[in-house]
Amino acid sequence: MKYIDFDESRKLDLVLLGRVAIDFNPAYSDVVKEEFKPLKKVHYFEKYVGGSPANIAVGVTHHGMKAGFIGKVSDDQFGEFVVDYFNEQGIDTSCITKCTNGEKLGLTFTEMLSPKESSILMYRNRIADLQLHVDDIDEEYIKSAKALLISGTSLAESPSREAAIKAMMLAKRNNTKIIFDIDYREYNWKNSDEISIYYSMIAKEADIIMGSREEFDLTEKLIRPGMTDEESAAYWQGCNAKIVVIKHGMKGSTAYTCDGQKFSIKPFPVEARKGFGGGDGYGSGFLYGLYQGWEIIDCLEFGSAEASMMVRSNNCSDSLPGPEEVHAFIREEKEKFGEMIARV
């Protein structure tokens, strides 16, 4: 069954709105290998574009989709690095603008202690991505896309939250499908009530909602706290959602569809390099399958495979794979562990 009807006449498959940052990860290449250790003992770092919506933009582009990005970057060489990188990847940057008051891109320094222990040190004072303004939102650009993905981090502060809400309203007016990646990050939020207020505003209008159980709990705090996964899916589908994806980390994830079905998947077993980045691969792979018209369980399997590929990688953007790489990974895993290794 096809759950989402995208307007195939539109030139962009997906426009993403939200956070873009710079990741500094401990170097791990043929030249330099920083083994697992505390951040204070790391000497060599590798620089990458980061931020969940930015990574998903890269991921879907690696799958041959046409993506654009709405965002703010710093007016310096790091801002130029992001725009140049997006252009090299084939991501449309016509709606990325520079800050004018000295705001800087967020810097993320990654600590990798073991395959199961990793953390990040964030620098987000006077941050560039949250300077997105309502004047930066172009209705014609949103109208040119089949779908708009809004990252929840963009709702943490003004003026970005109003810009995101305006983009959502224009998407509704122009039948551009709305994808809400809840993407909760504690930084910048002032209290849990704000989180529930602004998350629920977008979730009520979204066609697809993706998030962890914790993220759904935060969204639902002022609506109906303590819902089960099934109750959450039913509630949001009673608003507008056609597909609700609820993730439980290493326990797997489940997609609930508007016809009352649910489909579950487990992670593919890999030796991890870090404990994050998987969600961006998951989102890229799942959305790619959805755009291809696959069955939901196949979309989930593809997304789960891409997530596993990314947690064993040393970065969250450059290593995002193309479709043939993901298919090859799935074949190898099934040959090794059995056909039903990831399916529940």
Side-chain angles (χ1 to χ4, degrees), residues 14-21 50-57 68-74 79 82 95-106 108 122-139 141-142 145 147-174 176-212 214-223 236 239-241 279 283:
L14 183 64
V15 163
L16 302 98
L17 182 151
R19 184 174 89 261
V20 60
S52 185
N55 294 334
I56 294 175
F69 202 89
I70 301 173
K72 283 282 190 183
V73 298
S74 50
V82 167
C95 282
I96 296 178
T97 53
K98 293 180 180 179
C99 292
T100 56
N101 295 306
E103 296 90 354
K104 301 301 181 186
L105 279 171
T108 305
M122 291 290 302
Y123 289 83
R124 283 183 65 80
N125 186 36
R126 294 185 69 227
I127 198 67
D129 58 81
L130 291 178
Q131 304 311 310
L132 190 68
H133 191 273
V134 291
D135 292 343
D136 298 313
I137 307 303
D138 177 16
E139 182 169 10
Y141 194 65
I142 290 172
L148 168 73
L149 185 149
I150 295 176
S151 163
T153 307
S154 67
L155 298 163
E157 283 185 7
S158 298
S160 176
R161 61 172 48 144
E162 288 82 9
I165 293 167
K166 177 182 176 181
M168 176 268 290
M169 295 172 73
L170 293 178
K172 291 292 290 186
R173 184 158 82 182
N174 290 285
T176 299
K177 304 305 179 186
I178 298 168
I179 302 165
F180 184 37
D181 181 10
I182 302 177
D183 188 29
Y184 170 68
R185 300 292 186 270
E186 184 178 1
Y187 42 76
N188 296 111
W189 286 102
K190 295 180 176 61
N191 58 68
S192 59
D193 282 356
E194 275 194 352
I195 297 170
S196 183
I197 289 166
Y198 291 103
Y199 278 0
S200 62
M201 287 177 69
I202 304 299
K204 284 179 178 177
E205 304 297 341
D207 298 279
I208 301 169
I209 311 172
M210 303 187 294
S212 67
E214 177 196 13
E215 290 172 330
F216 276 91
D217 288 342
L218 289 166
T219 306
E220 295 157 2
K221 179 197 171 191
L222 297 178
I223 298 171
W236 297 113
C239 297
N240 189 65

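Just so it is clear, the model here is predicted, and its values are computed rather than measured. All residue numbers refer to positions in the sequence shown, counting from 1. No hydrogens, no waters, no symmetry mates; every other heavy atom, side chains included, goes into these values.
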**Q.** Derivation and outcome, side-chain contact (heavy atoms from CB on, under 4.5 Å), residues Arg185 and Met122
**A.** CA-CA 11 Å; Arg185 300 292 186 270; Met122 291 290 302; over 6 Å; no
Which heavy atom of [X] sits nearest to which heavy atom of [Y], and what is that distance?
{"X": "Thr97", "Y": "Lys72", "answer": "OG1-NZ, 3.1 Å"}
{"X": "Val20", "Y": "Leu105", "answer": "O-CD2, 3.4 Å"}
{"X": "Ala203", "Y": "Thr219", "answer": "CB-CG2, 4.2 Å"}
{"X": "Arg19", "Y": "Phe69", "answer": "O-CZ, 3.9 Å"}
{"X": "Leu130", "Y": "Thr153", "answer": "CD2-O, 3.6 Å"}
{"X": "Leu155", "Y": "Trp189", "answer": "O-CH2, 3.2 Å"}

Q: Report, as yes or no, whether the 6.0 Å neighbourhood of atom CG on Asn191 holds more than 12 heavy atoms from other residues, nucleotides or ligands.
A: yes
Within the structure provided, determine whether [X] and [Y] are in side-chain contact (heavy-atom separation under 4.5 Å).
{"X": "Ile182", "Y": "Ile202", "answer": "no"}
{"X": "Asn240", "Y": "Ile178", "answer": "no"}
{"X": "Asp183", "Y": "Pro53", "answer": "yes"}
{"X": "Asp217", "Y": "Tyr184", "answer": "no"}
{"X": "Ile165", "Y": "Glu162", "answer": "no"}
{"X": "Met201", "Y": "Arg161", "answer": "no"}

Polar side-chain atom of [X] near backbone of [Y] as donor-acceptor pair, under 3.5 Å:
{"X": "Ser154", "Y": "Ala164", "result": "no"}
{"X": "Gln131", "Y": "Ile127", "result": "yes"}
{"X": "Lys221", "Y": "Ser196", "result": "no"}
{"X": "Asp181", "Y": "Ser151", "result": "no"}

[atom2] on [Y] to [atom1] on [X], rounded to 0.5 Å:
{"X": "Tyr198", "Y": "Ser160", "atom1": "OH", "atom2": "OG", "result": "11.5 Å"}
{"X": "Ile142", "Y": "Leu17", "atom1": "CD1", "atom2": "CG", "result": "7.5 Å"}
{"X": "Leu148", "Y": "Leu170", "atom1": "CG", "atom2": "CG", "result": "9.5 Å"}
{"X": "Ile96", "Y": "Asp129", "atom1": "CD1", "atom2": "CG", "result": "11.5 Å"}

Q: Inspect the contact between Glu157 and Arg124 and indicate whether a charged nitrogen and a carboxylate oxygen are less than 4.0 angstrom apart.
A: no
Q | Intermediate values then yes/no, side-chain contact (heavy atoms from CB on, under 4.5 Å), Trp236 and Ile223 | A | CA-CA 11 Å; Trp236 297 113; Ile223 298 171; 3.6 Å; yes
